[in-house]
Amino acid sequence: MSLVMAHRATTRGCDAPDPGEATRLSPGRWRSADRLASAAPRAKRVSGARHVRGDGHGAGPATRVGAGLSTGHRHGYGHRRGCGHRPGYGHRPGYGHRAGYGHRPRYGRRLGCGHRPGYGHRHGYGHRRGYGHRRGYGHRHGYGHRPGYGHRRRGAAARQTGRGDPVAGATSRYAAVDLGAESGRVLAGAFDGERMALQEVHRFANTPVRTVDGLHWDVLHLYAETLAGLRAARAAGGPLQSMGIDSWAADHALLDDGGRVLGEPHHYRDARTDGMIAEAARRVAPEVQFARTGKAQLPFDTVYQLLAMRLRADRRLDLAARLLMIPDLLHYWLSGEGTTEYTNATTTGMLGIDGAWATDLIEQLGLPAGILCNPVPPGTRLGTLRAAVCDEQGVDPMAVVAPGTHDTASAVFAVPHTTREPWAYISSGTWSLLGLELPDAVTSEAARRAGFTNEGGLGRTFRFLTNIAGLWLLQECRRAWLRTGNNTGYEQLTAAAAAARPTGVVIDVDDPAFLHPTDMPAALAAHLARTGQPTNTDPVWLARAIFEGLALRYRGALEQAEALAGVRVEVVHVVGGGSRNALLCQMTADACGRPVLAGPAEATALGNLLAQAVGRGELRDAAEARLVAGRSAPVTAYAPQDRAYWDEMAGRAGS
């Protein structure tokens with residue numbers, strides 16, 4: 001090893017507190033995360049709540065538990081070695097004493113992340129000057145008196161007057177940047193103590209770019225559009241208290257020891273990871289990897305992207321000082337604080353179910369564990385929008401808060417489930433993520449062979465789920481049809497498909513041939529021909545066949561999840577853009593034989609905003625956040641019908 005490499009080996013990485021450590025420390029270590037962490041056990045003890053039906057209003061109170069605890073002194077995070085010095089961030093004495101915030105000496109010096117002397121006094125979160133008395137989070141009689149925030153009686157403020165209208169007189173405003181594989185949006189959230197009203201203020205395309213070395217994300221474009229969205233959110237309703245970013249999983253950027261990005265991040269659908277699962281299995285047994293990380297082996301996972309770089313002798317891997325996931329990179333550019341958020345870290349295939357990086361497995365794969373920052377919990381305040389950004393963009397200083405930066409984690413956080421009955425969720429969009437929210441990971445060999453995975457959720461939960469192709473198939477069909485001059489929209493296709501007769505064909509939506517085809521309709525036709533089924537080139541017929549294939553896959557996955565976790569699900573929540581598709585929701589209820597509750601459609605953005613509200617102390621915990629979610633968006637119920645057809649189709653599909 002050269003002297004330069006030896007030096008990097010001792011200075012790179014970001015030794016931020018790991019999530020396992022955060023959960024073991026006193027409540028004071030991660031205050032916002034502690035509120036989120038109360039979700040799983042407390043949600044199960046809530047009684048008297050009912051499902052939201054139609055109008056979005058929940059009936060019945062939720063038990064409020066967990067009085068505010070004094071955090072006291074917070075020791076143990078003094079020196080944080082491993083990141084190396086970061087030029088330009090140096091000493092930050094302006095963070096010295098912050099009256100009313102208690103001692104945080106363990107956050108003392110962060111070598112390579114800028115010296116942050118002490119981070120100031122934080123006296124137990126008890127008295128917070130400027131926020132008033134908050135005994136045990138303050139007296140909140142039906143969201144009534146919260147001294148320091150003013151009187152917030154139910155009905156006192158104007159409510160949402162229509163889709164996209166902000167709440168008049170709201171006390172807090174947040175911005176959620178929600179990045180999807182096709183487009184990104186910025187939504188402003190106005191919280192009046194009872195509802196979070198969402199207003200989309202900016203939308204933009206997210207178009208990958210193919211270069212000589214593969215498919216990439218244009219992250220500078222995403223950053224520029226994020227800034228434009230913050231300007232639009234400011235113009236739409238005034239100053240913002242905080243902002244946070246979520247995105248898809250797996251993709252990342254590598255940074256050198258000066259904080260510079262080493263090339264444009266690759267797209268997870270780039271073909272360079274083909275064959276990497278088999279290569280990794282030669283180095284680490286798949287059952288060992290799954291038992292340690294709980295993560296299913298998916299070809300686009302971060303670990304396989306890094307392994308592909310190693311096998312191609314990509315020098316960026318040796319030059320890298322740290323790895324940041326896509327939201328982490330944008331948060332870094334906005335605040336100057338580079339770290340990794342927990343829910344997205346769990347998608348990499350390298351984080352153990354104990355919350356620590358599986359360093360031994362990483363090194364057996366020949367990958368550099370030192371570039372990985374120990375994750376911070378969702379709801380963590382990363383810093384403040386940099387002064388240069390505020391001046392350039394004409395926006396006010398605001399907190400930069402890490403929500404559940406994995407979009408599915410944020411979406412599940414906004415599921416308005418408030419009863420004790422077991423439930424499943426489908427986060428329906430480009431991908432469909434079907435799963436259960438559980439207090440513990442399911443790491444059996446049967447779960448691994450079934451293709452299930454365990455990802456971190458907000459509130460110290462695990463999302464036991466499986467990835468299903470989702471509406472990607474129809475999106476890619478539309479892209480192909482557009483090239484031939486057919487510009488029929490999604491809504492028109494869905495309405496026509498609803499009026500059409502059942503197709504009688506079974507499409508395996510998870511066929512690997514559908515991962516990145518150049519012509520999706522041709523790939524579907526080849527699949528049907530290969531399985532001895534009739535083909536049809538009519539777009540309406542093909543759209544209905546895709547919806548039927550998805551509903552059948554949901555049924556099979558739900559039954560598998562129940563068997564593996566040992567539970568029986570009574571209701572399925574569908575959230576995300578797919579919840580607006582009445583045809584697919586009804587097919588899902590019919591195929592699964594369970595009631596489906598569809599909504600919120602903007603679950604990812606809503607969960608992002610609610611996590612910020614919990615992080616700032618506006619909401620106590622996940623249980624309270626889900627009550628707010630139910631009041632903030634309509635939910636539509638679908639009862640199962642026509643079981644005979646779906647039983648026959650499921651028999652043909654082998655489920």
Give, for atom [atom1] of [X] and atom [atom2] of [Y], the distance between the pair rounded to the nearest 0.5 Å.
X	Y	atom1	atom2	answer
L524	I546	CG	CD1	5.0 Å
E602	L187	CD	CG	5.5 Å
L323	H252	CG	NE2	5.0 Å
R594	R555	CZ	CZ	9.0 Å
S432	L550	OG	CG	5.5 Å
L458	R463	CG	CZ	8.5 Å

Taking side chain to side chain contact (heavy atoms under 4.5 Å, CB included) as the criterion, tell me which of N454, L351, T453 meets it with T346.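 Between T346 and the candidates, side chain to side chain contact (heavy atoms under 4.5 Å, CB included) is satisfied uniquely by L351.
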
When L298 is tested against each of T347, N467, I277 for side chain to side chain contact (heavy atoms under 4.5 Å, CB included), which residue passes?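 Single side chain to side chain contact (heavy atoms under 4.5 Å, CB included) partner of L298 among T347, N467, I277: N467.
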
Under a 4.5 Å cut-off applied to non-hydrogen side-chain atoms, are [X] and [Y] in contact?
X	Y	value
I468	L434	yes
T207	D218	no
I245	L334	yes
L365	M350	no
D590	Q586	yes
L471	Y490	no
N206	E225	no

Taking all non-hydrogen atoms of both residues, which atom of [X] and which atom of [Y] are closest, and how far apart?
X	Y	answer
F452	A296	O-CB, 3.3 Å
A424	V569	N-CG1, 3.6 Å
A523	F514	O-CE2, 3.6 Å
P378	P403	CB-O, 3.6 Å
F413	A625	CZ-CB, 3.7 Å
L558	V572	CD2-CG2, 4.0 Å

Test: R322 cationic atom under 6.0 Å from Y332 six-membered ring centre, within 45° of axis: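 Yes, R322 and Y332 form such a contact.
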
Would you call the rings of F300 and W431 parallel, tilted or perpendicular, where under 30° means parallel and over 60° means perpendicular?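 The rings of F300 and W431 sit tilted, inter-plane angle from 30° to 60°.
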
Would you confirm whether [X], through its side chain, and [Y], through its main-chain N or O, come within 3.5 Å as a donor-acceptor pair?
X	Y	value
Q612	A175	yes
T494	E491	no
T273	P299	yes
N608	G244	yes
H216	E264	yes
D246	A605	no
E455	T343	no
R626	V415	yes
S410	D407	no
H527	D508	yes

Salt bridge between [X] and [Y], side-chain N to carboxylate O under 4.0 Å?
X	Y	value
D314	R272	no
R310	E279	no
E476	R269	no

Under the salt bridge (Lys or Arg N to Asp or Glu O under 4.0 Å) test against E182, which residue among R203, R478, R479 passes?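 Only one option passes, and that is R479.
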
Are Q560 and T466 close enough, and set up right, to give a side-chain hydrogen bond (donor to acceptor under 3.5 Å, both in side chains), and what steps lead you there? CA-CA 10 Å; Q560 279 185 310; T466 187; over 6 Å; no

Pair V209-H221, side chain to side chain contact (heavy atoms under 4.5 Å, CB included): steps then yes or no: CA-CA 11 Å; V209 179; H221 168 72; over 6 Å; no

Could you give me the CA-CA distance, side-chain angles and deciding distance for T488 and N486, then say whether side-chain hydrogen bond (donor to acceptor under 3.5 Å, both in side chains) is met? CA-CA 6 Å; T488 306; N486 183 342; 2.6 Å; yes

Let me see the working for R530 and D511 under salt bridge (charged side-chain N to carboxylate O under 4.0 Å, His left out), right down to the final yes or no. CA-CA 12 Å; R530 188 169 60 252; D511 189 313; 2.9 Å; yes

Check the pair V303 / M276 against side chain to side chain contact (heavy atoms under 4.5 Å, CB included), numbers first and verdict last. CA-CA 9 Å; V303 63; M276 290 302 107; over 6 Å; no

Pair M243, V400 - check side chain to side chain contact (heavy atoms under 4.5 Å, CB included), show working. CA-CA 5 Å; M243 63 82 61; V400 177; 4.0 Å; yes

Evaluate I507 against E548 for side chain to side chain contact (heavy atoms under 4.5 Å, CB included), listing each step before the verdict. CA-CA 8 Å; I507 293 177; E548 291 180 3; over 6 Å; no

For the residue pair W472 and Y268, is the inter-centroid distance of their aromatic rings smaller than 6.0 Å?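 No, the ring of W472 stays outside the 6.0 Å limit from the ring of Y268, centre to centre.
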
